[in-house]
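Only one structure is covered here, and it is reproduced in the block below.
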Amino acid sequence: MGAVEGNREPGGGAGGHPPWHLRATVLPSGLHTDLWVASGRISSTPVLGATSLPAGGFVFSGLVDAHVHPGVTGIGEPLDEARLREDLTALARAGTTLVRVPGSPSRLPAWVRTEPGLPRVLSAGVPITAPGRFFPGWGRPHEPGDVPGAAAEESAAADGWAKLIADWFDEDGVYTPSFSPPVLAEAVRRVHAAGGRVAAHTQHADSGRDAVAAGVDSVEHGMHLPFEALGPMAGQGTALVPTAVTFAAMEPAMTGGDVPEPVARWYREGWARHPELVRRAHGAGVTVLAGTDLPVGSLPDEIRWLHRAGLPLEDALGAASWTARAWLGLPGLAEGAPADLVVLAEDPRLTPDALADPLVVMVGGRLVAPAP
Ligand SMILES: [Zn+2]
């Protein structure tokens, strides 16, 4: 937990920040209660001299984008630090208090973990790929024997996550697995032994199944993932991050006129079964999480898609908030927890529209919105 929390300076009682007080309905519990923020942490006991935050109806620990790539200006382009700051600032103002970045063109600079006004960031460093099996210029290619060690090294250098690009287009333009099952299994074993977790990009049935059998912690995209993998995923706690809004946006380009028919069919058929995959995953007890991928997207849109796919709205909301937060290892609005919170006027359990224009956003007890 220390590593997860350690990326934010405490506010609200430290460094000249006053303690705060608010009274609202806490989500997901639904309890109407008073909360205080002191020394960057949540307190349920009154704190003298606390300043009241704008009155709101509902408070929760903020949105979580479990799969997003801030700082990217184009496919294959180097990390752009100005864009990174802009993206993270916009995310925080929209009420996103935590992001997992499953791969960047290069490792994220240290300032993303210390600069006020940004969400907490959990990065997977640079994705590990097979040679020639990812966007040119992106990813760190390794021969099979070097993949497990590279994954462990990347997770240790980042925030405890490694990202494996488990399948991609081959030299003939056919979408196939990039790593053998033993390589995947050894990579997961090495990262876990180092205390890290593994996110696997999969869009092919075989590598999806192999990644789950290897014990990865999350399946990213999961297009074509066999339904038979869902039981084992639920059993071992592997999450599914379907990144649906990005798939929807890419559909015209991936299935249009000049796309080779086998590629168009692969995409069309995978996308067509994606809602059923997500509905079955949720039904099987798999943790389904919201991620907007590339470019940085709208979590409310992803919540709406998850709901249309079959998740109850409250669960779709949890996928973009408290469920993701707990799965990533951070507490919600509990006594002593870091004060990451978002105050809303309306109940987001009734409509994701309520997530627009939060009244208050705070990360680690520091006010992000309204502007301090
Ligand atoms: Zn991605």
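Since the structure is predicted, the reported quantities are computational estimates derived from the model, not experimental observations. Whatever order the structure lists them in is the order used to number ligands and atoms, beginning at 1.
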Next item on the list: Give, for atom CG of Asp167 and atom CG of Leu164, the distance between the pair rounded to the nearest 0.5 Å.
Entry: 11.0 Å
Checklist line | Side-chain ion pair, Arg107 and Glu154, N-O less than 4.0 Å | finding: yes
Next item on the list: State whether Trp111 and Arg85 meet the cation-pi test: NZ (Lys) or CZ (Arg) under 6.0 Å from the six-membered ring centroid, and within 45° of the perpendicular axis.
Entry: yes
Next item on the list: List the steps and the verdict of side-chain contact (heavy atoms from CB on, under 4.5 Å) for Trp271 and Met254.
Entry: CA-CA 11 Å; Trp271 176 230; Met254 291 301 294; over 6 Å; no
Notebook entry, point to check: Where is the tightest heavy-atom contact between Arg273 and Leu225, given as atom of each residue plus distance?
Noted result: NH2-O, 2.7 Å
Item checked: Working for side chain to side chain donor-acceptor pair (under 3.5 Å), residues Asp217 and His192 -> CA-CA 10 Å; Asp217 299 279; His192 285 176; 2.7 Å; yes
Item checked: Distance below 2.8 Å from the Zn ion (ligand 1): protein N/O/S atoms -> His67 NE2, His69 NE2, Asp293 OD1
